[in-house]
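For reference, the structure I am asking about is given below.
All chains are named by letter (A, B, ...) in the order of the sequence lines, taking the proteins before the strands, and each is independently numbered beginning at 1.
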Amino acid sequence: MSVSYQTWEWSNIDESQTSGPSQKIPINGRTITLVANQPYDMFVGTVGNQTSIPPSTRATQFIVLEDIGVTPTNGSSLQVVVNTTSYFEDPDGAVSQGIPAKAIPYPCGAAPFDTGSAASNNGSAISIPSFKLNPPLYILPGQTWTMQYFTSQGILGGGDNGGGSVGGMVYYMQYDGADALIANNLMEMGVPVNLDNLDWYKQQALANNLQSLTQTGGVN
Amino acid sequence: MAMRSQIYAWDLYGEGTAPAGPVSLLDNLSSIVTPGTLYTAFTNYSTQAVTGSGSGLGISVISVGGGGEVTALGVTSFAYGNGYKVGDIVRLIGGGSGNDCTIQIQELQDDSDEWTGPSVMDLGVATSIFTGGKGNNIKNKAKTKEMQFIVVENFGCTPTVFFPGRLNGATWPTSNYRDRKIKNALGGPRAYIQFIVNTTGYFKDSDGVPRNGLPGNVAPYPLTTQFSVCLERKQPPVYILPTQTWDMTITCFNDFLADGGRNQLHCEQIGQLQAFFKYTLYDGVDSIIALRLVESAISVTPENVDMFKRNLYERNITMSSNEGQANE
């Protein structure tokens, strides 16, 4: 089946320290300062682990972003950019800074940061996603996309525990080949693109094909 | 029904063997088991293992009593030895002594990268949880038989929390945050899991390159109150086709158990680094149906296999009826 699930986890840990057989993530890495009010690309930016090329869908691919998350610090947010367009907007249509981090905590259950809360500081508090990304976010064939992390308060870098780390995550499904075509068809039909509907479409197609073959004498 | 659920759980300390390594500074009172005789102060002695298999430890006797019994000692510089475990007993020998002073190892060097054993893992190195020689392992490589088909449905490993630092007002107790130490601004191993089918990594990054795999934060194990919100999220099924060899690796990047600067993880109790997966084994006829479902690009689930069987029976009954062979 040409559907693959993929994830990408980014953090502000110095990629230049990477060594050894496992590339892109350093051992005991040093965190890097994130300047306030500046977007940081999670895939091909200047900070943290990066991919070799920007994420994009080929002509025979279709991507569905299922889930996203980021460390729930005060004043930070996550924005999805498709081609050159930021996805999340304010009600007046102006581009926003994205989804606030506290609405999409990562890892799931991370303590929300609240200076006045003992429960937040000792980790006994938990935060859960404020919503489900439904409908999910589609990346159509031929589109490039990325994600941007933004903090209004900044994150201080440094070695050991002198600095702070934040992490962001995206979890998506990549439909390839014939499955991408079906995904496109489902979208055109206004049917949500997910595995169940993909299976349903195929079963319908197989059944129709069988019926057609039977009626035309194609099968005994 | 020839399909059944199977589970495999791995723990870096699952084999139950304490790590071995170089010896740390000794505490005089608790270390000296037998003070011995005829020892000389300010003299370096070599050692001989009484229990355990360590070697190379040198001991400096600092003070002795009237009969040459040892009253204070320390580890000789650059002679910390290797292969020792906490609790091992060694004898101080040579230098005209009675060779009868024994001491017990109380602590290993926390800041060493020379620890060994099944509960010690190198950071940044993908380690098989089946046959990697770390934690509890299986004897042989995992391989499906000709009439078997495996779908791994649930999996996970120890998650990690991010510590955003004081600038964001986080005043976490870095020595005990959610029962963990915060090291390098991370509370956990920063672990990734990857399935290897034959020689190919299953999870790929967005540029198509299979690297470390899935982060433990996306697939946490165990699921606790603090890491349970992911329950609703679907996990990608991993298909292992007939006659394929397969493996699951874990790669860690943060030394959260020692001093934060080591290139090894030193695991000293169960539950510090874990991985888990649950799979369904389709056997015999069910494995053939599973393959047919894969060929039709339909998800292999127990429900779909059952659906396939039902359709088969229905069609068979219909054909039998049409041919007048069905019993009314």
In terms of heavy-atom pairs under 4.5 Å with chain A, which of B/P215, B/G216, B/G260, B/G213 leads?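 Heavy-atom pairs under 4.5 Å are most numerous for B/P215.
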
Checking heavy atoms, do the side chain of A/T31, its backbone, both or neither come under 4.5 Å from chain B?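 For A/T31, the contact with chain B is made by the side chain alone.
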
A/A125 versus chain B, the contacting section by heavy-atom distance below 4.5 Å: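 The backbone, not the side chain.
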
Matching residue for A/Y172 among A/W8, A/W145, A/Y5 - test: ring pair (Phe, Tyr, Trp, His ring centres under 6.0 Å):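 Among A/W8, A/W145, A/Y5, the one meeting ring pair (Phe, Tyr, Trp, His ring centres under 6.0 Å) with A/Y172 is A/W145.
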
Among B/D122, B/I182, B/N254, who wins on heavy-atom pairs under 4.5 Å with chain A?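 Counting heavy-atom pairs under 4.5 Å, the top option is B/I182.
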
Between B/D205 and B/R211, is there a salt bridge with N-O shorter than 4.0 Å?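 The answer is yes: the pair qualifies as a salt bridge.
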
Distance-only donor-acceptor check, side chains B/K278 and B/T280, under 3.5 Å: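 Per modelled atom types, B/K278 and B/T280 side chains form a pair under 3.5 Å.
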
Regarding A/Q153 and A/S76, do their side chains bring together a donor and an acceptor under 3.5 Å, going by distance alone?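 Result is no, nothing qualifies.
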
Among A/S11, A/G158, A/G159, which residue has the highest count of heavy-atom pairs closer than 4.5 Å to chain B?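 Most heavy-atom pairs under 4.5 Å with chain B: A/S11.
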
Exercise: do A/N28 and B/K183 side chains pair donor with acceptor under 3.5 Å: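 Absent: no donor and acceptor within the cut-off.
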
If you count heavy-atom pairs under 4.5 Å between each of A/I63, A/I53, A/V170 and chain B, which one has the most?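 Maximum pair count with chain B is reached by A/I53.
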
Is chain B contacted by the side chain of A/S52, its backbone, both, or neither, given a heavy-atom distance below 4.5 Å?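 A/S52 touches chain B through backbone and side-chain heavy atoms alike.
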
Which portion of B/Y192 sits near chain A, non-hydrogen atoms under 4.5 angstrom: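 Looking at B/Y192, just its side chain touches chain A.
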
Would you mind checking which part of B/R262 comes under 4.5 Å of any heavy atom in chain A, side chain (CB onward), backbone (N, CA, C, O), both or neither?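 Only the backbone of B/R262 comes within 4.5 Å of chain A.
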
Is it true that a side-chain atom of A/D67 and a backbone atom of A/Y171 form a donor plus acceptor pair closer than 3.5 Å?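 No, because the side chain of A/D67 does not come within donor-acceptor range (under 3.5 Å) of the backbone of A/Y171.
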
Tell me whether B/K309 is salt-bridged to B/D286, with the criterion being a basic N under 4.0 Å from an acidic carboxylate O.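 Answer for the salt bridge query: yes.
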
